There are 2 protein chains.
Amino acid sequence: MNRRTAKESKESILEAAIEVFSEKGYSQTTIREVAERAGISVGGVYIYFKNKEEIYFTLLKYLLDEFRERSGGSIEGIEDPAEAVKKYIAINLNYAQKFKGLILIEGREHGFTSCIDIKKKFFRGQRKLIEEIIRKGVSSGRFERCNVEGTARVIIGTLRGFILSLVMDSDALFSQKECSNLILGGLLKRGVK
Amino acid sequence: MNRRTAKESKESILEAAIEVFSEKGYSQTTIREVAERAGISVGGVYIYFKNKEEIYFTLLKYLLDEFRERSGGSIEGIEDPAEAVKKYIAINLNYAQKFKGLILIEGREHGFTSCIDIKKKFFRGQRKLIEEIIRKGVSSGRFERCNVEGTARVIIGTLRGFILSLVMDSDALFSQKECSNLILGGLLKRGVK
DNA sequence: TGTTCATGTGAACTTGTGTTCATTTTATTT
DNA sequence: AAATAAAATGAACACAAGTTCACATGAACA
């Protein structure tokens, strides 16, 4: 009983795929490299996955689900909406640094409808999360009154940008603190207007 | 004298390439499609460009230069730093909508050092522009005191995110006004703290 | 009309990579 | 030990796309 079980093999393929996709993006990732890192042959990969797209879809779903759980869970308890925003930003940036290319970039180039759907659903969920926080902040008087949905969209967009910046030049990354400061405080001077 | 001149041909290839690259990104763009849209044969393309990478590099440089001029020029006259920020955001979003995929996404996947360099230089220049505005805003008392360089980085990142969002789901785009509001005003209530 | 030169053609070559499949290896069962 | 099943192999196939090149076309000029 030396050989791996089917489940083990499938998992090691997925782990290898997360690595390679994260490093190289979709197009530049080859089945041969995934196979090699997973310690299996090229043909072996196709025992467990129908094709490249299915590998990508599977791991995308896995990572998004994991992130959803993690971010949702760790915000739940926080009462102060400003703290919740800070926390959410921190989680996002940390997670993104780990999976760089994967989460954001691909998907436009490759019109897999399945992947687009799953991403849209994910981002909608995240937006709802933010909306909830903002709504709480506004009604408690801590946040300025605003268009909640629009503002949530802007924040999601903002975070995408931060993450994209991490991807593009990982040397020049700004701190989480400055991200939070801008989103919470803005540029304009307080208590003047 | 019916046939096109070399210059005309080269330009029509570039125009076609801007179209196709913007729609499809780098990997999904084929020389055959560029050639077809430019009204020239596949071989004809290679009279004017060494290879695909050179086409991409040429048009990237062209677009970045154009944007640099345009954004620099239209901000110069503005005195109020808040207005300057608004204007800069507006220009960015408009321009990005036009060239979607092109400016931001590619380049990580394809490690053309020449392209990376040109982009880094571009973003550094843009950051300097923003820094100048912020510095002015702070010293005139209109903006909160802050880490100028870091904040500029954050704003550039923010805009990248906005643009990326345009690229990913162009239906759900938020308004320029909300972008400006967040960057200038932040979430927290004014005049409380 | 023939020569020259710039411009252009598209079939063919090359390479990379997703995918398949006949075959082999290893483990389990009888 | 033989038979069966599970897991794995890697050479071979297919096909798309970047690139090349021998050749064609049209314009200008002698």
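Protein chains get the first letters and strands the later ones, always in sequence-line order, with residue 1 at the start of each. This structure is a prediction, so every number in the text was calculated from the model and none was measured.
Put simply, the side chain of B/Lys119 never gets that close to the backbone of B/Leu60: no donor and acceptor are under 3.5 Å apart.
A/Glu8 has its CD atom 17 Å from the P atom of D/dA6, to the nearest Å. Here C/dG8 presents its C1' atom at 20 Å from NZ of B/Lys7, a figure rounded to the nearest Å. Rounded to an integer number of Å, the gap from CD of B/Glu53 to C1' of D/dG18 is 13 Å. Nucleotide C/dT17 holds its C1' atom 19 Å from the OH atom of A/Tyr56, rounded to whole Å. Between the C1' atom of C/dG16 and the NZ atom of A/Lys24 lies a distance of 13 Å, rounded to the nearest Å. Rounded to a whole Å, the CD1 atom of A/Ile31 is 6 Å from the P atom of C/dT19. Note: NZ (B/Lys52) to C1' (C/dG16) measures 13 Å, nearest angstrom. Whole-Å rounding puts the A/Glu36 CD to D/dG10 P distance at 12 Å.
Between D/dA8, C/dT7, C/dG10, one nucleotide has an atom nearer to the side chain of A/Ser41 than all others, and that is D/dA8. You'll find that the side chain of A/Tyr46 is closest to C/dG18, out of C/dG8, D/dA8, C/dG18.
Counting atom types as modelled, B/Arg32 pairs a side-chain N or O with a base atom of D/dG18 as donor and acceptor under 3.5 Å. For A/Arg3 against C/dT25, a side-chain-to-base donor-acceptor contact under 3.5 Å is present.
A 3.5 Å limit on both hydrogen-bonding distances identifies D/dA22 as the Watson-Crick or G-U partner of C/dT9.
Residue B/Phe49 is out of contact with every strand shown, counting any heavy-atom pair closer than 4.0 Å. Across all strands, A/Ile47 comes closer than 4.0 Å to base atoms (heavy-atom distances).
The shortest heavy-atom contact between A/Ser27 and B/Ser27 is OG-OG, 3.6 Å.
Side-chain contact between B/Ile31 and B/Tyr46 is present, with at least one heavy-atom pair separated by less than 4.5 Å.
Seen from the ring of A/Phe57, A/Lys50 does not count as a face-on cation partner, given the 6.0 Å and 45° thresholds.
In this structure, A/Phe67 and A/Tyr88 have perpendicular ring planes: the angle between them is above 60°, well past the 30° mark.
For B/Ser9 and A/Thr30, each mapped to the nucleotide of DNA chain C holding its nearest heavy atom, the one lying further toward the 5' end belongs to B/Ser9.
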